Amino acid sequence: MLRQASRLISRSATAASSKSVTARAFSTELPSTIDSTFVESWKKVAPNMDPPQTPSSFMKPRPSTASSIPTKLTVNFVLPYASELSWKEVDMVIIPATTGQMGVLPGHVPTIAELKPGIMSVHEGTDIKKYFVSSGFAFLHANSVADIIAVEAVPLENIDASQVQKGLADFTQKLASASTDLEKAEAQIGVEVHSAMNAALSG
Amino acid sequence: MASTAAVPFWRAAGMTYITYSNICANLVRNCLKEPFKAEALNREKVHFSLSKWAGGKPEKPTLRSDTPGV
């Protein structure tokens, strides 16, 4: 009985698909419902079987881009070994982008920002949570979701000031005495990271 | 359209972004207070053995292990 099913479905499906050559929509704008013409044709040929599922029906659709600016920013802050913040709704985050401290409010322009070693602060009402981020990226999406990824992020209280001073002195000295390009670059990175930590602890 | 973006100093010295990022992360980890420092360094321990192959046979392997005696 079902040997004819695929032929009948493809016959009715091709009739419907010829008018579906439209521009590709972004995945945030695709409807999460299953194609109704397919479901109807399926039910005509195999009324006792459920229509097959497609991968998109198992996926949670991404939050769509609202037409008006949402009130909260949704933050995902992940590290390689832990998920610090997962879909947390906050008012604002300030990220240490290479172009300077960037304040991100809901409705921010979609941006990909490379982060430099610095402080990231998450503002929720009157709470401000600060982390020192070693480096990473921040992806700000049109739907007011911010994905921030970092290799290492620590709360400021966990940094030892004396070790930072010692490291800064060490690397400043290494920078002065470095010979090859690579050594200079490594020493420069050391100076930058330690100065950033110093500034974070004192500022 | 020529891309005239200034290259970062580490890229100019031949370093890749991953190397740069890992160096930054290691420096930050080294400046943590105890016990966070011990946790972080423990987390980042690696253990691997790498050998190049030539003519269908593996050459002498290089072993990198942060857990001594294993």
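Small disclaimer: the values here were computed from a predicted structure and weren't measured. Below, chain A is the first sequence line, B the second, and so on; all start at residue 1.
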Rounded to the nearest 0.5 Å, the CD1 atom of Ile18(B) sits from the OG atom of Ser135(A) at a distance of 11.0 Å
Which of the residues Asp181(A), Ile189(A), Ile159(A), Val151(A) is involved in the greatest number of heavy-atom pairs with chain B at under 4.5 angstrom? Ile189(A)
Of Cys24(B), Cys31(B), Ala12(B), the largest count of non-hydrogen pairs under 4.5 angstrom with chain A goes to Cys31(B)
Interchain contact, Asn26(B) with chain A, by part (heavy-atom threshold 4.5 Å): neither
Residues Ala13(B) and Ala185(A): closest non-hydrogen pair is CB-CB, 3.6 Å
Residue among Glu34(B), Met15(B), Arg29(B) with most heavy-atom pairs under 4.5 Å to chain A: Arg29(B)
Heavy-atom distances under 4.5 Å only: say whether Val164(A) touches chain B with side chain, backbone, both or neither. both
Could you walk me through whether Glu157(A) and Phe36(B) pass the side chain to side chain contact (heavy atoms under 4.5 Å, CB included) test, one step at a time? CA-CA 11 Å; Glu157(A) 308 85 56; Phe36(B) 304 106; over 6 Å; no
Does atom CG (Leu41(B)) have a neighbourhood of more than 12 heavy atoms from anything else shown, all under 6.0 Å? yes
Take atom NZ of Lys52(B) as the centre, draw a 6.0 Å sphere, and report whether it contains more than 12 heavy atoms from other residues, nucleotides or ligands. no
Side chains of Asp160(A) and Lys33(B): does their closest heavy-atom pair fall under 4.5 Å? yes
Check this for me: Lys72(A), atom NZ, are more than 12 non-hydrogen atoms of other residues, nucleotides or ligands nearer than 6.0 Å? yes
Is there a side-chain contact between Glu186(A) and Trp10(B) in this structure, where contact means two heavy atoms from C-beta onward sitting under 4.5 Å apart? no
If you measure from CD on Glu152(A) to CG on Leu32(B), what distance do you get to the nearest 0.5 Å? 6.5 Å
Worked check of side chain to side chain contact (heavy atoms under 4.5 Å, CB included) between Phe132(A) and Val28(B): CA-CA 9 Å; Phe132(A) 185 84; Val28(B) 171; 3.7 Å; yes
Rounded to the nearest 0.5 Å, what separates atom CG in Leu182(A) from atom OG1 in Thr19(B)? 9.0 Å
